[in-house]
Protein chains: 2
Amino acid sequence: MMPFKEMARLDKLIHEPARLSIMSALEACSMAEFLFLQELTGLTKGNMSSHLSKLEKANYVLIGKSFLRKKIPQTTIQITPTGSHALVEYWKQIDHIREITKQWSQETSIAFPG
Amino acid sequence: MMPFKEMARLDKLIHEPARLSIMSALEACSMAEFLFLQELTGLTKGNMSSHLSKLEKANYVLIGKSFLRKKIPQTTIQITPTGSHALVEYWKQIDHIREITKQWSQETSIAFPG
DNA sequence: TGTATTTAGTTTATAATGCAAACTAGTTAA
DNA sequence: TTAACTAGTTTGCATTATAAACTAAATACA
């Protein structure tokens with residue numbers, strides 16, 4: 001019907017490239033440390049921190065602070081079921097957009113050939 | 001190698017949902033009028049205008065101003081070969097990201113089963 | 001004729017966001 | 001005991017998305 005309005009429905013929390021990389025990494029890892037995640041994604045510490053807190057607010061990730069030998073702070077991050085579900089839905093929506101635009105493209109070329 | 005850095009390479013001009021919808025519509029239409037495109041995407045006029053001028057600066061679209069019966073202004077928009085190519089490359093990169101994260105996810109589950 | 005309204009867009013102002021530099025709190029080294 | 005490092009958070013800046021306000025021309029109508 002209105003295929004090009006489907007883009008507006010993309011979950012912006014996941015769509016943002018830095019966060020998509022965080023979420024994808026977490027989906028693969030089940031649990032990761034802050035520094036490991038930072039290395040993996042190539043983000044700066046400040047960036048990681050602010051993106052993570054956005055994801056935490058949405059309940060997409062769970063952040064736990066523990067201490068190594070009760071001294072060195074270590075932040076561990078896990079994806080939540082909510083976050084995992086949101087990621088799946090995000091890719092579904094991407095697929096949907098692709099299908100629907102392909103279809104519309106075909107319809108137009110039938111209506112206005114050449 | 002560093003799969004989660006691939007997200008940073010997504011073309012941000014196309015990645016933004018409003019512009020993805022504009023570009024997808026144009027790819028299907030070959031040529032469209034401003035108001036038609038606005039209706040299609042559901043964007044406000046101001047939004048349309050500013051997104052279009054960004055796409056124009058990147059040479060992703062060509063904007064032509066003509067007059068209906070030499071009176072009513074009519075803006076027509078076409079995707080350029082550059083824009084069309086960028087859109088194809090965008091989807092390629094999306095595919096690439098998907099493949100690579102899927103793969104990494106498998107590797108991790110092999111390395112740390114259960 | 002002149003004033004009001006509509007149309008087709010552009011410009012401007014604002015609010016949100018992404019980003020890295022600067023900061024904090026604790027640890028180890030000299 | 002002071003300097004330097006570590007692990008992260010906060011702050012400030014620059015960019016961006018968005019809609020409201022504006023512009024310019026056309027039509028409506030009184």
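Keep in mind that the numbers below use all heavy atoms, side chains included, and drop hydrogens, waters and symmetry copies. Naming convention: chains lettered A, B, ... in sequence-line order (proteins, then strands); numbering from 1 in each chain.
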Rounded to whole angstroms, how far apart are CZ on A:F36 and P on D:dA7?
15 Å
So what does B:S50 hit on the nucleic acid, given a heavy-atom distance under 4.0 Å: a base, only sugar-phosphate, or nothing?
base
As a test of reading the structure: which of D:dT18, D:dG8, C:dG18 is closest to the side chain of B:E16, going by heavy atoms?
D:dT18
Run the side chain to side chain contact (heavy atoms under 4.5 Å, CB included) test against A:H85 and tell me which residues pass, sequence neighbours left out.
A:E89
In whole Å, what is the span from the NE2 atom of B:H15 to the P atom of D:dT15?
20 Å
Hydrophobic cluster identity match, B:L26 and B:F36, side-chain contacts under 4.5 Å
yes
Any side-chain donor-acceptor pair under 3.5 Å between B:S84 and B:E27?
yes
Are A:I14 and B:L10 co-members of a hydrophobic cluster defined by side-chain heavy atoms under 4.5 Å apart?
yes
In whole Å, what is the span from the CD1 atom of B:I14 to the P atom of D:dT16?
15 Å
N/O (side chain, B:K12) to phosphate O (OP1/OP2, D:dA17) under 4.0 Å:
no
What parts of residues 37-49 of chain B reach DNA chain D, counting only heavy atoms under 4.0 Å away?
B:T44, B:G46, B:N47
Atom pair distance, as rounded to whole Å: CG in A:L13 and P in C:dT17:
9 Å
Interatomic distance where CE belongs to B:M7 and C1' belongs to C:dG18 [whole Å]:
17 Å
So do B:Q78 and B:V61 actually touch side chain to side chain, heavy atoms under 4.5 Å?
no
Quiz question: by atom type and distance under 3.5 Å, do the side chains of A:Y60 and A:D11 form a donor-acceptor pair?
yes
Please round to the nearest 0.5 Å and tell me the distance separating atom CZ of A:F34 and atom CD of A:Q74.
12.0 Å
Could you state the NZ-P distance from B:K65 to C:dG9, rounded to the nearest angstrom?
7 Å
How close or far is atom P of D:dA24 from atom CZ of B:F34, stated in whole angstroms?
17 Å
Looking at B:R19, I'd like to know whether one of its side-chain N or O atoms comes within less than 4.0 Å of OP1 or OP2 on D:dT16.
no
Below the 4.0 Å mark, does D:dA7 have OP1 or OP2 next to a side-chain nitrogen or oxygen of A:T75?
no
What is the distance, to the nearest angstrom, from the CG atom on A:L52 to the C1' atom on D:dT9?
12 Å
Quick one: is D:dT18 close enough that its OP1 or OP2 comes under 4.0 Å of any side-chain N or O from B:H51?
yes
Of A:K54 and B:E33, the one whose nearest nucleotide on DNA chain C sits closer to the 5' end is B:E33
